[in-house]
Amino acid sequence: MSVPPQAFVNKNKKHFLGIPAPLGYVAGVGRGATGFTTRSDIGPARDANDVSDDRHAPPAAKRKKTDEEDDDEDLNDSNYDEFSGYSGSLFSKDPYDKDDAEADAIYESIDKRMDEKRKEYREKRLKEDLERYRQERPKIQQQFSDLKRELKMVSEDEWSAIPEVGDARNRKQRNPRAEKFTPLPDSVLSRNLGGESTSSIDPTSGLASMMPGLATPGMLTPSGDLDLRKIGQARNTLMTVKLSQASDSVTGQTVVDPKGYLTDLQSMIPTYGGDINDIKKARLLLKSVRETNPNHPPAWIASARLEEVTGKIQAARNLIMKGCEVNPSSEELWLEAARLQPRDTARAVIAHAARNLPHSVRVWVKAADLEQEPKAKRRVFRKALEHIPNSVRLWKAAVELENPEDARILLSRAVECCPTSVELWLALARLETYENARKVLNKARENIPTDRQIWVTAAKLEEAHGNTHMVEKIIDRAISSLSANGVEINREHWFKEAMEAEKSGAVNTCQAIIRAVIGHGIDPEDQKHTWMEDAEACANENAYECARAVYGYALSVFPSKKSIWLRAAYLEKQHGSRSSLEALLQRAVAHCPKSEVLWLMGAKSKWLAGDVPAARGILSLAFQANPNSEEIWLAAVKLESENKEYDRARRLLAKARASAPTPRVMIKSAKLEWALNNCDEALKLLDEAIKVFSDYAKLHMMKGQIEEQLGRDDDAHNTYTQGLKKCATSVPMWILLSRLEEKLKHVTKARSVLEKARLRNPKNAELWLESVRLERRNGSAEIGNAVMAKALQECGNAGRLWAEAIFMESRPQRKTKSVDALKKCEHDAHVLLAVSQLFWTERKLNKCREWFNRTVKIDPDLGDAWAFYYKFELLHGNEQQQEDVKNRCKTAEPHHGEYWCQVSKEIANWCFSTEQILLLVAKNLPVPT
């Protein structure tokens, strides 16, 4: 309540004086006084805008009781609830005053406020219920929406094959009978069949009254008897006349062609599948655009295309021609008009366009396209070049139609009109003689000093005519000239030019480009790395000459880098000739004499070529450069033993043992004697070696295997036992000892040996696998499954265990197991090999071949994969596929694999080649089941 400012001036004056009383205020009610009403409270003395005060309103007149409404409340106990009270209103008789209205307004505001709080949740809930209801009870229209969409795929034949729908109405609706007739009795039709017959109806009989016109004879009413036979004949005649109207009087065939009739109907149907209202709106909109801005060509084009889409091709032609009249200088409109018109009319339209737009290249090209004869096309292009002599597109199109001599003449004129077109200069140079081509390219360089293609073409030209010494000069001049003219030397672009030159046969040009740009813009510390990447990129693009050029330049900068020599040697080995490889290796060992690999590659190349003396010479030179190299000693021994020079091999090994007594030299010495069946000498050498190299496991294993071969199982057992004391981490030796125990029928001891091995070498998949196989070999399949479960828990990522586990399952469970194996070991070759065998058992041959390919790509050193693959091709492939697998295996030279090593490490097969081992392993392999 605002306080009047006078209250601050006069302290004795009350602040509420002069302020209207609040609504509902009664003076003295606080002290028990009662209000009274005066005449001024009634009538016009009150302001019309004041709120009425009904405190002293007369009591409302009592309403009369009616039969339909009873004011007496039902106050029985049956109508009473402990929580909500009586169901009826207890105060319905009382007057509705201001306090009630105010209370109702308050409650209504509270309800509205509470309703706003719940509104969002309620609407969301209602929306979800509505969506769920629509999903559970969709409309029939929605249920058939997918089928209705498929109707657009129905062909004309399928549509015509749809049977006619039957009449679903009931019988009375199908056959309405407005009139009822009494059927003719048989007695009338066949009266006196014995000899007397009649074909007329007595006009006086009751039947005559049923036929109109018979009861009252007149002018048109036939007099006499009605002949039923004639009526039938007349009906047949009338039917014949009607049928004849629809038939050909000559051939008797029907004139109505059903297919043609349907075709005519189809032509009347618009091809546009959208809503017709959309077409009308678009048509109105485009019409408004055309009328508002008639000089806007896209509006005319859009209008014509709309009519074309809706099937009104003539309307589209009319519109576009009108647009051409309004906008005769619009190239797009003329081209669109030529497109819409048939060929003959289009030629006239495009001729009109050429007259209006003589400098439009597209119009002239379109005019040439509309001509069918080459002579007419040439005439059009020459006419076009008269108007547009500087158009490269027109010159190229015109040259393509001419023979070489005329094309040369045209190009000589073209380069005068378009001196900045590189393509025209190069095309002219290709058609000219050598001397003229050089002149043309010189002129081209003068006119276009910033283009590299002209220089490259000049280099190719010189190389093609044998002037290889000029190629390097031209490329060097090109780099310097382009740099002087401000052209950036981009290595990638020049490398692409070099690759293109190689593909076209210009090898010297390719190498000159590489040498010129390879060092451009590279820091010295990044040179080697960048150049190796460049060489690999060229090799991947099959540009081997470019790669050779990169390696050659890199070796000229880094002649002592062994890694570059090796990369270059591998490139020559894969994609070069034997002579180029040997020449490169000779240069390599001259710069890197301490690199054993390069010496051995050279010796192997000579040996594979059949030149054994040359290989010996290379190895002797290698001995001089590397006097005590184990690799070179062993390579020399292998060379002699492969050529059956066993005495020479023995002497070499003796020298090696004297000068470089390494474990490998000792093993090779013992293996040579073992292979030559000198087991006692081999054991003697192994004993000497074990004294010196007691911690080398292979010595103990070889000695034990020789003793097993000689039948001295106790000595072999002792050898393995002593070896494991020195080499407790040698897994193959533990496995050999367990197999020896199993061979001696000591299965329990074999099991304990493997358990001890697993304690010494935890989480080793090979030992777990041997334990599983031991149990299965001795008939304990259930124990084997339990051991496999423990193995997979300890070595969950071991591919060999998963591969074995797949085939331990029953056939229905193998697929599930293979899926688990692939999840754990997705890129393990053993798992992929097992999956390949699984497809083999299911006779899915294409998938099997695909998975075999995947296996040998992931691990080409796994001999078992190659052997199974070759066995598969022997059974299910052709000769070409078998040879392909064999050659790929020979290239890969695998060394590992369970079945592979059983054959390759058999001492009787010590001289077998990769191909021989492959054939033998594949022959002994079991077919997976």
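Note that this is a predicted model, so its numbers are computed, not measured.
The nearest pair of heavy atoms linking M701 to P732 is SD-CB, 3.6 Å. Nearest approach of W866 to P894, heavy atoms of both residues: CD1-CG, 3.8 Å. M702 and A670 make their closest contact through SD-CB, 3.9 Å (heavy atoms, listed as atom of the first residue, atom of the second, distance). Here the closest heavy-atom approach between residue A805 and residue L792 is recorded as CB-CD1, 4.3 Å. Heavy-atom minimum distance, H876 versus R849: O-NH2, 3.8 Å. Nearest approach of A892 to P860, heavy atoms of both residues: CB-O, 3.7 Å.
With a 6.0 Å radius and a threshold of 12 heavy atoms from other residues, nucleotides or ligands, N540 has its CG atom above the threshold. Environment of NZ in K871: crowded, with over 12 heavy atoms of neighbouring residues, nucleotides or ligands closer than 6.0 Å. Around atom NZ of K886, more than 12 heavy atoms belonging to other residues, nucleotides or ligands sit under 6.0 Å away.
Each of R548, R578, R567 was scored for a side chain to side chain donor-acceptor pair (under 3.5 Å) with E572, with one residue passing: R548. No option in R751, R776, R777 other than R777 meets the salt bridge (Lys or Arg N to Asp or Glu O under 4.0 Å) test with E770.
Within the structure, ring-ring contact (aromatic ring centres under 6.0 Å, His included) contacts touching residues 696-735 (residues at least two apart or in different chains) do not occur.
Under a 4.0 Å N-O distance rule, the pair E809/R814 does not qualify as a salt bridge. Comment: R854 engages E850 in a salt bridge, judged by a side-chain N to carboxylate O separation of less than 4.0 angstrom. Using a cut-off of 4.0 Å between Lys/Arg side-chain N and Asp/Glu carboxylate O, E742 and R739 are scored as not salt-bridged. Salt bridge status for R800 with E898: present, with a side-chain N to carboxylate O gap under 4.0 Å. The pair D687-K691 fails the salt-bridge criterion, with no side-chain N (NZ, NE, NH1 or NH2) lying under 4.0 Å from an Asp/Glu carboxylate O.
Taking the centre and axis of the six-membered ring of W768, the NZ or CZ atom of R758 falls inside the cone set by 45° and 6.0 Å.
Atom OG of S771 is separated from atom CD1 of I783 by 12.0 Å, given to the nearest 0.5 angstrom.
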Pair W674-Q709, side chain to side chain donor-acceptor pair (under 3.5 Å): steps then yes or no: CA-CA 11 Å; W674 185 16; Q709 181 179 333; 2.8 Å; yes

Test salt bridge (Lys or Arg N to Asp or Glu O under 4.0 Å) applied to R657 and E688, step by step: CA-CA 11 Å; R657 290 196 302 273; E688 293 177 3; 5.7 Å; no

Full working for side-chain contact (heavy atoms from CB on, under 4.5 Å) between L683 and K703: CA-CA 6 Å; L683 289 173; K703 183 183 177 185; 3.8 Å; yes

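R712 and N718 form no side-chain donor-acceptor contact under 3.5 Å, judged by distance and modelled atom types alone.
Relative ring orientation between F852 and W840 is described as perpendicular, the plane-to-plane angle rising above 60° on a 0-90° scale split at 30° and 60°.
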